[in-house]
Amino acid sequence: MRPLLFLFALCFLLPLQAQEGVEQVLSELDAVISRREVYIKARESRIEDLKDLLNNNTITPLQRYNIISRIIGEYTPYQADSTIVYLNRNIVQASRMEDTRRLNESRISLSLLYSLSGSYLEAYKQLQRVDTLKLDHALRLDYYIACHKLNDELKHYSHDTEQAEASSRKCEYYNRMILENTAPDTFVHLDNRLWKALNENRYKEAEKYADKLCSMSPPLSHEYAKAGYMRALIAALQDDTPSARIWYARSAMTDIQLAIRDNASLKNLAHSLLDDDIRRSMNYMRTVMDDARFFNSRLRPWQDAEALHMIEQAYLKRQQHLRRIYIVLGVTIILFLLLAIEGFFYSRRQNRKLTNIKHRLMKTCDCLNASNEELKSTNIRLEGLNNRICEANEVKEEYIAVFLMMCSEYIDKISESRRHVRRLLRDGQVAELKKEYATTDTDAHELEQFYSNFDNTFLLLYPSFIEEFNALLEPDARIEPKKGELLTTELRIFALIRLGITDSSKIATLLRYSVSTIYNYRSKIKTHALISRDEFEKRIQTIGSFSSRH
């Protein structure tokens with residue numbers, strides 16, 4: 001039995017624990033995203049402080065170059081076009097200083113940024129301007145890294161087969177040069193070994209390098225975010241979805257806390273959650289698109305297009321599921337309506353029976369004086385019938401109230417769904433849905449249909465309501481519906497009061513008015529009542545009942 005129990009634990013308990021771990025880290029990520037603006041403002045504050053230093057005319061050319069370099073460091077993971085502007089300023093500054101080393105340094109950095117943002121021709125031109133004969137060891141390594149990045153991008157995104165093959169060979173060459181010029185325990189060395197192992201499908205070895213990079217990087221650093229992303233990517237390639245989601249979330253949290261807007265972890269996490277948590281996936285993708293627009297890279301929107309298409313497909317499936325739910329809800333409402341109508345006809349049949357009995361009693365009134373026992377028996381039967389009619393009225397009114405609330409909730413759900421879709425369209429995420437859901441005519445139609453259903457149903461149940469209601473008002477204040485109109489707004493308010501819904505906030509919710517509007521209507525009508533204000537609504541609640549007719 002022990003091996004069987006152990007196998008049970010592996011098959012059922014471990015996946016549950018893994019899922020709990022994923023949910024916990026996703027909740028932490030949601031909390032970090034909620035504070036995203038705070039981290040962004042912190043980075044922008046640092047940038048503004050550096051710009052203030054740059055405006056000081058007393059600084060030396062070298063100090064100006066160094067301050068611009070610090071601004072570039074802040075902008076590089078934050079906004080591509082601003083980084084390019086300041087890198088070009090540093091190139092001009094280095095040229096004025098006739099400092100070849102810093103000139104080469106700035107051109108190499110600009111080339112790397114161009115490669116990251118998809119401007120490959122510009123990246124190549126900058127590398128061509130680098131004086132490779134005057135590079136020291138550190139700059140030569142940066143040069144190899146920039147060349148490796150350019151050829152790695154061309155290898156993946158070039159439509160020219162010959163160019164892709166040539167770039168692949170150059171990529172291998174520069175990778176070898178990077179490994180030869182770095183110490184084995186440095187981040188750059190381990191990162192390149194990781195990519196090499198990953199490209200050769202040696203996932204276990206790549207995982208070992210990724211774990212080492214994560215352990216050696218400070219928890220709140222750009223290096224840790226990169227290492228976490230690589231760890232997640234390796235887990236995803238091995239179909240270890242829980243681990244991939246956890247590492248994507250950790251990497252994304254670091255990106256957000258550092259206000260890094262050139263990131264990939266959150267996008268991959270959104271893609272991973274498509275089938276399990278579409279709401280989270282859409283929320284994460286909105287953040288990704290906002291970062292991509294702000295970072296202003298040519299390459300990122302194109303890379304995100306595939307993910308957006310997949311999210312769109314998942315969203316369409318969800319909409320189909322919601323339509324099925326609406327159909328079931330519609331059938332349920334129809335069933336409740338049929339029950340309410342049946343209750344109404346049952347009540348009418350009982351009322352007819354009661355009326356017949358009362359007529360017979362009136363005809364035999366003289367005979368009742370001669371037979372007390374018969375009178376008692378008839379009174380007992382009449383009391384029983386009266387009780388059953390009251391019960392039938394209570395059931396009828398309860399079903400009507402339930403039916404009205406369900407109709408109102410149905411309108412709320414449809415309206416909420418449309419508002420949700422319109423928010424997505426304003427974000428520019430699903431162009432195809434914009435045409436379908438941009439109009440609000442459907443909401444108005446649903447509300448109009450709701451009023452029509454309510455008016456017809458209520459007047460079927462209480463056909464004399466308008467006449468009895470007006471009988472309680474002064475002649476000049478009596479309300480008559482217009483041609484083609486069953487009930488006015490005032491009549492609907494007091495129709496709901498007749499059904500036992502007296503709270504103004506509930507009436508406002510059902511009729512889609514503000515509470516103050518409902519209150520004003522009630523007060524205005526009661527000022528023209530023929531009876532006291534306190535008795536007016538009590539009399540309204542008896543309209544159409546058995547006791548009010550006899």
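If you're wondering where the values come from, they're calculated on a predicted model, not measured in any experiment. Both backbone and side-chain heavy atoms feed into the values below; hydrogens, waters and symmetry mates do not. The chain is numbered in sequence order, starting from 1.
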Arg89: what forms a salt bridge (Lys or Arg N to Asp or Glu O under 4.0 Å) with it, not counting sequence neighbours? none
Which residues pass the ring pair (Phe, Tyr, Trp, His ring centres under 6.0 Å) test with Tyr209, not counting sequence neighbours? none
Contacts of type salt bridge (Lys or Arg N to Asp or Glu O under 4.0 Å), residue Asp277, not counting sequence neighbours: Arg280
State which residues pass salt bridge (Lys or Arg N to Asp or Glu O under 4.0 Å) with Glu200; sequence neighbours excluded, sorted by chain then number. Lys196, Arg202
Check salt bridge (Lys or Arg N to Asp or Glu O under 4.0 Å) between Lys134 and all other residues, then give those that pass, not counting sequence neighbours. Asp131
Residues two or more places apart in sequence or in another chain: which of them pass ring pair (Phe, Tyr, Trp, His ring centres under 6.0 Å) with Tyr78? Phe294
Residues that Thr132 engages under side chain to side chain contact (heavy atoms under 4.5 Å, CB included), provided they are two or more places apart: Val130, Leu135, Tyr143
Which donor-acceptor pairs under 3.5 Å do side chains of residues 250-258 form with protein atoms, sequence neighbours excluded?
unit_1 : atom_1 : unit_2 : atom_2 : d
Ser251 : OG     : Ala225 : O      : 2.6
Ser251 : OG     : Ser265 : OG     : 2.6
Thr254 : OG1    : Arg250 : O      : 3.0

Step by step, work out the side-chain contact (heavy atoms from CB on, under 4.5 Å) result for Met230 and Trp195. CA-CA 9 Å; Met230 292 307 303; Trp195 276 106; 3.4 Å; yes
Applying side chain to side chain contact (heavy atoms under 4.5 Å, CB included) to Ala508 and not counting sequence neighbours gives Val515, Ile518
What pairs with Phe187 under ring pair (Phe, Tyr, Trp, His ring centres under 6.0 Å), at least two apart in sequence or on another chain? none
Taking ring pair (Phe, Tyr, Trp, His ring centres under 6.0 Å) as the definition, give me every residue that meets it alongside Tyr75, ordered by chain and number, with sequence neighbours left out. Tyr86
Could you tell me which residues satisfy side chain to side chain contact (heavy atoms under 4.5 Å, CB included) with Thr182, sequence neighbours excluded, listed by chain and number? Leu141, Ile178, Thr186, Val188, His189
